[in-house]
Every structure is written in structure tokens, then in C-alpha cells.
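Reviewing the structure listed below.
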Amino acid sequence: MTTVTDGQPNAEDGPVGCGTPTALVRPPGATGVTGAPEPGAPESGGPALDDPVPRGGPPHPGRLRSTVPADPSWASAVRRLVTEHLTGLRLPADQCDSAVLATDELFANAVRHASTDPRDTVTLTVEWSARGLRVTLADRSPALPRLRTADPGAESGRGLSIVAALADDWGTAPPEPGRPGKRVWFTLRRRGGTS
């Protein structure tokens, strides 16, 4: 279960390690975050999972879905939410760190390149199966991300390169039926730990 607290500053350097669960911290004055797993059909696009969430059944313990504002002040909250969920799954520490960092990069890309309205949101879905971990971020923009080579002196432009280096696979998928935008996902194959 995720705890949401108000009034905490959201400054943090880099991803949170997966050794200790932490609370989801809401930026000052922010409202509306969903962090509870939801039942429903598995996401489409990208590799299929072996144990999808059954329709009408209880939430799958390895699935988390959360919608947060497409605002950079939410980056720390997203990292904490993913860290807390992955800690419960007992992923190996290096895979957990890779997943948190790759998620952080995809969230930053969605905020920077896909958010045009202050009311925009990003939906995060984390799925754990017999095959491994799949993280998907959905936003309202149909513009697909592009892998590019950043100038050595540039302060940005390496997000997808980082995701590609950390993940076993990554890609894009159309939005869920009836929704605008796109989904960007990455996977990490299961290679230790327990579910």
C-alpha cells in the first residue's frame, strides 16, 4: 500500500535505492494521485506477460498503475512509488535500480516533450510476471520519442540512450483504446529474486 503525505518538498538527487520502502511524497499543494493496483486487461504493445491480471478478479500483486500530473515536481514521487512497489517484489538490487532510473528517464521525457497543458497526466504501469518486469508510461502526445546522439556538452538528450542501455528491450505502443497519445515501455528479464 502506498502512503501519500502532503507538504513535503520534492527535492531528491537521482533514483531511490530499493533497499528500503519509502512513502509516496506529494508536492506541496498538489492533489490527485492514484497509486493502488487496478484490475483489468493487460497493456497491449510490446512483449506479452505470462500472468496477466484476470478480468473482474482481484488485483495482481505484481501490477501497479498510477496516474500523476505531467509536472517535473512529481519525478521524486514517481521514483518513490516505483521503488516501493519493486521492493515488495524483491527484485535484485541492480535490476531495481535500473528500473527506477529508466522509469525516471521516461517520465522526464513525457513531461518535457509530451506535456502541453498544465492538466496533462502521465500514467505509469508496472507489471511483474514469470518473464520479468515491464514498465509502461502513457501520455497524451502522439509524438513518438526519438533515440538521438547528444552533444558531449549538452545537459539533456540522453534519456532514451540511458533506457536502451539499462533495459533488455524498449519501444512504443499505441494508446489504450479510446485514449489519445502513446505508450513508451521497457522490459527487464527475470534473472533472480522471487515474486
Inset, instruction - Decide yes or no for Leu91 and Trp128: does some side-chain heavy atom of the first lie under 4.5 Å from some side-chain heavy atom of the second? - result: yes

Legend entry - Note, Val68 side chain near Leu124 side chain (heavy atom, < 4.5 Å): no

Inset, instruction - Taking Lys182 for its side chain and Ala143 for its backbone only, find out whether a donor-acceptor pair lies under 3.5 Å. - result: yes

Inset, instruction - Please report the closest heavy-atom contact between Gly181 and Pro175, naming both atoms and the distance. - result: O-CD, 3.1 Å

Inset, instruction - Show your reasoning for whether salt bridge (charged side-chain N to carboxylate O under 4.0 Å, His left out) applies to Glu176 and Arg65. - result: CA-CA 14 Å; Glu176 292 178 4; Arg65 186 176 177 114; 2.7 Å; yes

Legend entry - Where Leu188 and Ala99 come nearest, the two heavy atoms and their spacing: CD1-CB, 3.8 Å

Legend entry - Backbone N/O of Arg189 and side chain of Asp168: donor-acceptor pair under 3.5 Å: yes

Legend entry - Identified side chain to side chain contact (heavy atoms under 4.5 Å, CB included) partner of Val100 from the options Val82, Leu166, Leu81: Val82

Legend entry - Considering all heavy atoms, the nearest Asp120-Ala114 contact: OD2-O, 4.0 Å

Legend entry - Lys NZ or Arg CZ of Arg134 over Trp185 ring: under 6.0 Å, within 45°: yes

Legend entry - Atom of Asp104, atom of Ala75 and distance for their closest heavy-atom approach: OD1-CB, 4.0 Å

Inset, instruction - Please report the closest heavy-atom contact between Ala70 and Val111, naming both atoms and the distance. - result: C-CG2, 3.8 Å

Inset, instruction - Please tell me if the side chains of Leu160 and Trp170 come closer than 4.5 Å, counting only heavy atoms from C-beta onward. - result: yes

Legend entry - Atom pair CD (Glu84) and OG1 (Thr87), whose distance is rounded to the nearest 0.5 Å: 7.5 Å

Legend entry - Pair Thr67-Thr123, side-chain donor/acceptor within less than 3.5 Å: yes

Inset, instruction - Indicate yes or no: does Arg190 engage Glu127 in a salt bridge with an N to O separation below 4.0 Å. - result: no

Legend entry - Test item: Phe186 and Leu106 side chains (from C-beta on) under 4.5 Å apart, heavy atoms: yes

Legend entry - Reported NE2-to-SG distance for the pair His85 and Cys96, which is rounded to 0.5 angstrom: 10.5 Å

Inset, instruction - Report the C-alpha separation of Val135 and Thr125 in whole Å, then their side-chain angles, then the decisive distance to 0.1 Å, and conclude whether the side chain to side chain contact (heavy atoms under 4.5 Å, CB included) test is met. - result: CA-CA 6 Å; Val135 176; Thr125 305; over 6 Å; no

Inset, instruction - Might you point out which heavy atoms bring Pro69 and Phe107 nearest each other, and give the distance in Å? - result: O-CZ, 3.8 Å

Legend entry - Worked check of side chain to side chain contact (heavy atoms under 4.5 Å, CB included) between Thr136 and Val184: CA-CA 6 Å; Thr136 306; Val184 184; over 6 Å; no

Legend entry - Thr172 vs Arg183 side-chain heavy atoms within contact, under 4.5 Å: no

Inset, instruction - Any chance you could measure Ser98, atom OG, to Leu133, atom CG, to the nearest 0.5 Å? - result: 10.5 Å

Legend entry - Arg79 CZ to Thr103 OG1 distance, which is reported to the nearest 0.5 Å: 11.0 Å

Legend entry - Residue list, salt bridge (charged side-chain N to carboxylate O under 4.0 Å, His left out) with Asp71, at least two apart or on another chain: none

